[in-house]
Amino acid sequence: MASDYEKYENPKKKNPLNSPAFRKYFRVSLVAIIVILVFVLLIWLAGARQSGIPDDIDFIQLEEPEDDNPVVIFETNIGTISAVLYPEEAPEYYEYFTGLVESGYYDGSYVCGVVDSAYALGGTLDPDPNNDGGENADETMLQAEISDKLWSIKGSMASFVGTTGMWPFQKNCAGSTFFFINDIDDVYMDEDALKRSYGEELGSVYYEYGGIPNFTNKYTIFAQVYDGWDVFEELMNVETLDTYQPASDIVIERAYITTYGEHPAEVYGIPVDSSSDDEVTEDEENVSE
């Protein structure tokens, strides 16, 4: 018979992993881990694909308009820019905008800001972007009209003047000022990332033509530049002050509404930067030689 000393010198060791308390703790922890993983996955999926983007898109901005399609002509002190309008996709803003144009509101107005060659803000009655548009500026605010046929690609025109409502239920509003949308830095325009965030079709269009994907489904897009691309590029590359105001005034001397048949493009389309493709072609030719 073992002595008391021997019993306590080499006791039978117990496995804490087999205890009821540990098993209960393990089950609770496992459920918590699964919940966290599901939550992270949902966040990743939300970031991977933006909501409200259909798989099959009718890119009317890439199609040549009919002759009776309305267009707006901006005659500026650096040249003329023409843009096709889309009354069916943004009917309320179309009526408002064309009313301002026909009243002469934009004649003598300014492009008051050009931000990093990405977009230009126009239609203000003051050249300084910090002056709330200028004295006698129209302060109408219309709820944003979002269309699944109009996207913030290069040359698109959008309007944004502020928001209404309380966060997180705020809604973007359109008004008399508008953006000429150009393009953002290539580092943000990775093809795979664009397709993952905006779908195969829209991601491919952003990658090929450029634009500002961050503006997707946020603002009223109501027009697409189709002519005067040389002036458009000059506008996007003007020298600016620290406030993004052009160093020399950019003035919209006259704006008027007409039709595409009256002012057609020699070749309708959005310019695509093919320099990289040309370089590849030249390299391939050199290799073949």
Side-chain angles (χ1 to χ4, degrees), residues 61-65 69-86 97-98 100-102 104-129 133-134 150-160 176-186 206 208-212 215 219 221-241 243-275:
Q61 292 157 277
L62 305 181
E63 302 171 358
E64 184 167 16
N69 210 124
V71 301
V72 58
I73 310 295
F74 297 101
E75 295 179 351
T76 79
N77 61 332
I78 63 171
T80 300
I81 296 175
S82 305
V84 59
L85 299 167
Y86 299 101
F97 175 77
T98 55
L100 289 179
V101 172
E102 291 169 346
Y105 179 83
Y106 293 113
D107 298 350
S109 65
Y110 297 88
V111 175
C112 69
V114 179
V115 180
D116 299 330
S117 297
Y119 62 87
L121 178 63
T124 60
L125 302 187
D126 194 292
D128 186 343
L150 298 175
W151 308 93
S152 51
I153 60 178
K154 181 175 182 175
S156 59
M157 293 183 61
S159 177
F160 172 69
S176 60
T177 59
F178 50 79
F179 296 121
F180 288 106
I181 294 174
N182 187 29
D183 200 5
I184 56 177
D185 196 289
D186 289 344
Y206 276 135
E208 181 176 0
Y209 295 99
I212 305 183
F215 288 0
Y219 311 129
I221 296 175
F222 65 95
Q224 174 66 47
V225 171
Y226 69 87
D227 205 6
W229 288 107
D230 55 338
V231 180
F232 181 89
E233 294 295 339
E234 182 179 350
L235 170 63
M236 292 299 168
N237 290 284
V238 297
E239 181 183 355
T240 60
L241 307 177
T243 59
Y244 299 111
Q245 179 180 345
S248 299
D249 287 348
I250 305 297
V251 183
I252 298 174
E253 297 174 338
R254 181 189 177 211
Y256 61 96
I257 304 296
T258 182
T259 63
Y260 184 74
E262 292 293 326
H263 286 80
E266 185 174 343
V267 178
Y268 183 87
I270 300 171
V272 176
D273 183 7
S274 59
S275 58

### Message
As a quick check of understanding, evaluate side chain to side chain contact (heavy atoms under 4.5 Å, CB included) for H263 and D227, giving each step before the final call.
### Response
CA-CA 9 Å; H263 286 80; D227 205 6; over 6 Å; no
- Task: For M157 and F179, run side chain to side chain contact (heavy atoms under 4.5 Å, CB included): C-alpha distance rounded to whole Å, both residues' side-chain angles, the deciding distance at 0.1 Å, then the answer.
- Result: CA-CA 5 Å; M157 293 183 61; F179 296 121; over 6 Å; no
- Audit row: I153, L62, side chain to side chain contact (heavy atoms under 4.5 Å, CB included) steps and yes/no: CA-CA 10 Å; I153 60 178; L62 305 181; 4.0 Å; yes
**Item:** side chain to side chain contact (heavy atoms under 4.5 Å, CB included) assessment of Y209 paired with V272
**Value:** CA-CA 5 Å; Y209 295 99; V272 176; 3.5 Å; yes
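T98 meets the side-chain hydrogen bond (donor to acceptor under 3.5 Å, both in side chains) test with no other residue; sequence neighbours excluded. The side chain to side chain contact (heavy atoms under 4.5 Å, CB included) check on S156 picks up Q61, S152, I181, I221, Q224, with sequence neighbours excluded. For the salt bridge (charged side-chain N to carboxylate O under 4.0 Å, His left out) test, no residue two or more places apart in sequence or in another chain qualifies with E63. Contacts of D183 classified as side chain to side chain contact (heavy atoms under 4.5 Å, CB included), with partners at least two apart in sequence or in another chain: M189.
Remark: side-chain polar atoms of D107 are paired, donor with acceptor, to backbone N or O of A255 under 3.5 angstrom. Without hydrogens or angle criteria, W229 side chain to G155 main chain gives no donor-acceptor distance under 3.5 Å. Within the 3.5 Å criterion, the main-chain N or O of T177 finds a donor-acceptor partner in the side chain of S159.
For F160 and F215, the distance between ring centers is not under 6.0 angstrom.
Expressed to the nearest 0.5 Å, how far CD1 of I270 lies from OH of Y226 amounts to 13.5 Å.
A pairwise comparison of heavy atoms in A120 and V111 identifies CB-CG1, 3.9 Å as the closest pair. Of all heavy-atom pairs spanning Y105 and G123, the tightest one is CE2-O, 4.0 Å. What you find for F178 and S176 is that their closest heavy atoms are CD2-O, 3.6 Å. Nearest heavy atoms, P246 versus C112: CD-O, 3.4 Å.
The salt bridge (charged side-chain N to carboxylate O under 4.0 Å, His left out) contacts involving residues 109-128 comprise nothing, where partners must be two or more places apart or lie in separate chains.
In Y244, the OH atom is not crowded: 12 or fewer heavy atoms of neighbouring residues, nucleotides or ligands sit closer than 6.0 Å. Other residues, nucleotides and ligands place more than 12 heavy atoms under 6.0 Å from the OH atom of Y106.
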Could you list the donor-acceptor pairs under 3.5 angstrom formed between side-chain atoms of residues 74-85 and any protein atom two or more places apart in sequence or on another chain?
unit_1: T76; atom_1: OG1; unit_2: I78; atom_2: N; d: 3.1
unit_1: T76; atom_1: OG1; unit_2: G79; atom_2: N; d: 3.1
unit_1: T76; atom_1: OG1; unit_2: G79; atom_2: O; d: 2.6
unit_1: N77; atom_1: OD1; unit_2: V251; atom_2: N; d: 2.9
unit_1: N77; atom_1: ND2; unit_2: D249; atom_2: O; d: 3.0

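With contacts defined as side-chain heavy-atom distances shorter than 4.5 Å, the pair Y110/Q245 does not qualify. Looking only at side-chain heavy atoms (C-beta outward), N182 and F232 come within less than 4.5 Å of each other.
F222 and F97 have tilted rings, their planes meeting at an angle from 30° to 60° on a 0 to 90° scale.
Between K154 and E233 there is a salt bridge, since at least one side-chain N of the basic residue sits less than 4.0 Å from a carboxylate O of the acidic one.
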